[in-house]
Amino acid sequence: MTLRAPARAMKLSRTMSVKSLLGSSLLVLVGCASSPLTPLVVDGPELHASLVTRQLDDVSMLHVPREVLRDNPQLSTDAKFVEVIAAAASQGQLSKDGIRAALYSLYLGEGQLGLYGLEAASTADADRRERAMREIWAYGEGLGRMRVHREGKVLVVVWHDGVSPSCWEAVNARVTQLLTAR
């Protein structure tokens, strides 16, 4: 069956939009194509069936300045983005020194759940950052609201403000699986 001209134009327009979106997303990731954080750039249902990826237009729910965000989830080596996420991942106590790339993801389920990911420039940088982050997040971890994951040079803080215990455990298991699958 042959498409009529308007239908064909609409299909072409949708195809071009998808290609443009994919192209711009790839541009954001160009500097991170080989980053071990790349497997964590996932939509909410890939972490748990009850999660949806948060829309950026809901500015009031973001934990980082809107001006550094292009996408959710976002992985970037952009210096400003890395600086903001490094600070967020350490409650403002650590700088971007020794961090090569950063990841930010925000999801919504029964409550919010987010990821702050950092790729250290070296194992020594990751060791220093891990010690500090575990101290910073110890109280939240004790409450079952935060968890710090480490795999090689990658550190990921997973946090939530009200997801179910089953969702929380499943997300952390999935993060571990994604980090170790590379």
Applied to residues 40-49, the salt bridge (charged side-chain N to carboxylate O under 4.0 Å, His left out) test, sequence neighbours excluded, yields none
For residues [X] and [Y], report the shortest heavy-atom separation together with the two atoms involved.
X: S95; Y: A86; value: O-CB, 3.7 Å
X: V84; Y: P65; value: CG1-CD, 3.5 Å
X: G111; Y: D161; value: C-OD1, 3.6 Å
X: K96; Y: A79; value: CD-O, 3.7 Å
X: L155; Y: A126; value: CD1-O, 3.9 Å

Can any side-chain N or O of W137 pair as donor or acceptor with the backbone N or O of A132 at less than 3.5 Å?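 Between the backbone of A132 and the side chain of W137 there is no qualifying donor-acceptor contact (under 3.5 Å).
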Donor-acceptor pair, distance only, cut-off 3.5 Å: does the side chain of R129 make one with the backbone of R131?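 Flag not set: sc R129 to bb R131 has no pair under 3.5 Å.
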Below 4.5 Å, heavy atoms only, C-beta onward: do [X] and [Y] meet side chain to side chain?
X: L179; Y: P36; result: no
X: V42; Y: Y107; result: yes
X: Q112; Y: R54; result: yes
X: S105; Y: Q74; result: no
X: L103; Y: I85; result: no
X: Y116; Y: W159; result: yes
X: I136; Y: L94; result: yes
X: E110; Y: S50; result: yes

Can we say [X] and [Y] salt-bridge, meaning some charged N sits less than 4.0 Å from an Asp/Glu carboxylate O?
X: K153; Y: D127; answer: no
X: R134; Y: E130; answer: yes
X: E119; Y: R100; answer: yes

Quick one about T180 and E151 (side-chain donor to acceptor, distance below 3.5 Å, no hydrogens or angles considered), yes or no?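 Not at all, the side chains of E151 and T180 share no donor-acceptor pair under 3.5 Å.
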With R128 via side chain to side chain donor-acceptor pair (under 3.5 Å) - residues at least two apart: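 With sequence neighbours excluded, R128 shows a side chain to side chain donor-acceptor pair (under 3.5 Å) to D125, given in chain and number order.
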Residue of the set V68, L118, I99 for which side-chain contact (heavy atoms from CB on, under 4.5 Å) holds with V82: I99
Just do the side-chain contact (heavy atoms from CB on, under 4.5 Å) check on V64 and L69 with the steps written out, would you? CA-CA 8 Å; V64 299; L69 293 174; 3.5 Å; yes
For the OG1 atom of T53 and the CG atom of L51, what is their distance to the nearest 0.5 Å?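 T53 OG1 to L51 CG: 8.5 Å, rounded to 0.5 Å.
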Set out, in order, the CA-CA distance, both residues' side-chain angles and the distance that settles side-chain contact (heavy atoms from CB on, under 4.5 Å) for V175 and L115, then state yes or no. CA-CA 9 Å; V175 166; L115 306 178; 4.2 Å; yes
Which residues pass the side chain to side chain contact (heavy atoms under 4.5 Å, CB included) test with N172, not counting sequence neighbours? R147, H149, V158, W168
Dump the intermediate steps for side-chain contact (heavy atoms from CB on, under 4.5 Å) on H160 and R145, then the final yes or no. CA-CA 5 Å; H160 77 94; R145 298 249 181 205; 4.0 Å; yes
Between V148 and V156, is the side-chain contact (heavy atoms from CB on, under 4.5 Å) condition met? List the steps. CA-CA 6 Å; V148 177; V156 178; over 6 Å; no
